[in-house]
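Note sheet for the following structure.
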Amino acid sequence: MPTSWADSSTAIDFAAAPGASVGNGSGRSTYVPPHLRNRPPSAGQQGPPSYSGPALGNERFVQGVQSGGGSRIIAPRNDYNRSGYSGGVGWNNRIGGWERGREREANPFGPDVDPEQVFNEQENTGINFDAYEDIPVETSGENVPLPVNTFAEIDLGEALNQNIRRCKYVKPTPVQRHAIPISLAGRDLMACAQTGSGKTAAFCFPIISGIMSGQCVQRPPRMSRMAYPLALILSPTRELSCQIHEEARKFAYQTGVRVVVAYGGAPINQQLRELERGVDILVATPGRLVDLLERARLSLQMIRYLALDEADRMLDMGFEPQIRKIVQQMDMPPPGIRQTMLFSATFPKEIQRMASDFLANYIFLAVGRVGSSTDLIAQRVEFVQETDKRSHLMDLLHAQRANGGQAKQSLTLVFVETKKGADSLEHWLCMNGFPATAIHGDRSQQEREYALRSFKTGHTPILVATDVAARGLDIPHVAHVINFDLPNDIDDYVHRIGRTGRAGKTGLATAFFNENNASMAKALSELMQEANQEVPDWLSRFAARSYGGKNRRGGGRFGSRDFRRDSSFNRGPADYYGGGNAGVGYGGSGGYNGAYAAGATSAWD
DNA sequence: AAAAAAT
């Protein structure tokens, strides 16, 4: 994955520059970021700047600018923070500062888009805003800031506004309308929303805007090669982290806010180099992040914004210990000091507990699921024996091809249960004349990224995938999701079919069902029923027969409701936000069920 | 049981 800064020629300077070598000893050279080398010494370099940051106490970082005088001298340093110290204007000056001398920031909008040509027409892969009109939204908490209806109402700054135009965002999505004002007001947020609802922008805009305007102490001077991001965005899979990184780079283009991504499976050295060159927003998967922390190449003590994306997925994948380590056991400022946004498609107990632990007096936001509410995804279930699956798949693909689906317009995503199954199905499809590729966790990261690219571009319009691709990935033009193997969890099913019918486009989801999936019958038929889909009789019979299986409404969930309303949850000292029920003026929450049935397992359980 | 994620 090309990362703009890595690809610039200064990377070479970096390797060659004497200043690049870093010493740990006090007498050795201090790392000077490449963009600050060969600059005439400014006033700031005469003496070491003082630094008053979180290490000295729990005051808000913004106070550091004003109160920093004479607090602590750590290391000789360049004028990184000069504007903040001298004028107290913070980052607006910094843009001129650390961006000056950089020839050109790589164009994050892709080769087809000239960022200078804001009104340049491009295929609209964006959001079908009409599809958002009826999406129900629910908020609760103390003093919920009012939602906005346009981006213009929000003061995000000219640079960000221009990027919003470049991205062709005309109008905020529901999650953006609500989440952005909440975030800009400095409040913590627990949001139930899906990727595809525009939530990446919903958490990126306030972060970028906050970093730009914040009178923060930029980098605590250190002699080590430690990176100090101001914002951290955690996501469950590498591909999702990449995707967030790509989007965030567009939003941050020419704002001076630097976005870096770190994830496993890729050489760590390049990522370390990126971090060394400065990072404001770090997007990461938990494993690699812990690695970086343990190598002491990264400190979280400057974190002002924390965003956890697809939090339920991260818990499913067993990341809770790592996440708790990152958030609670390293040097990250506590809730109330940092600002935290927790995004999750579902809201089970574990997430509620996490919300209690990670957030301070938060606002709860639930957004109906886009594309699932209506007929945007046509769901079909077919009874297919294991042994017949391949030939049946072949029939579907032939029919699809016969219908003249343009390759690029009709991508087909085939979900299977196992990594081995993915490989063998891919091979079999290719042998039978269907250009397919596969993505799963046993493939190298390079292969994974190649597969995804090849699929997105329509080069191989069939992608065989395990659940690695089930959530969050936003691939335009997926016309058909085939559950070759049904998952064992209805939530996974919802996420998988959510790869189609995105952003207001219609999609088709076909599932192969047989006796092995009996445990899914009930939940599946309920889900389809509530989404006004035709449920085959045989499936209803299966459903009636099955006792076990997961009841969608069960599982000890409070659903999308703000659980703080439920007094049973407020037990003991964990209720640190005091007072307990924050759901002021909140009532009649059940009203949306039914109408938005397919989203029932997500935001509207 | 399988998948994902650090090496």
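In what follows, every chain begins at residue 1, and chains take the letters A, B, ... in the order their sequences are listed. Atom set for the values below is all heavy atoms of this structure, side chains included, hydrogens, waters and symmetry mates excluded.
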Problem - Side-chain donor-acceptor pair present, Q445(A), R238(A), cut-off under 3.5 Å - result: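 Side-chain D/A pair, Q445(A) to R238(A): present.
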Problem - Test item: side-chain donor near acceptor, D188(A) and Q339(A), under 3.5 Å - result: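 There is no such pair (donor and acceptor under 3.5 Å, judged by atom type) between the side chains of D188(A) and Q339(A).
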Practice task
Could you list all the ring pair (Phe, Tyr, Trp, His ring centres under 6.0 Å) pairs where at least one residue sits in residues 412-432 of chain A, not counting sequence neighbours?
Solution key: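 Sorted pair list comes back empty.
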Problem - Charged tip of R545(A) within 45° of F542(A) ring normal and under 6.0 Å - result: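 So R545(A) does make the cation-pi contact.
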Practice task
Indicate for each nucleotide in nucleotides 2-7 of chain B, in 5' to 3' sequence, whether protein heavy atoms under 4.0 Å reach the base (B), only the sugar-phosphate (S), or nothing (-).
Solution key: SSBBBS
Exercise for the section: Please list, chain by chain and in numerical order, all residues satisfying ring pair (Phe, Tyr, Trp, His ring centres under 6.0 Å) with Y450(A), sequence neighbours excluded. Expected result: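 So Y450(A) forms no ring pair (Phe, Tyr, Trp, His ring centres under 6.0 Å) with any residue.
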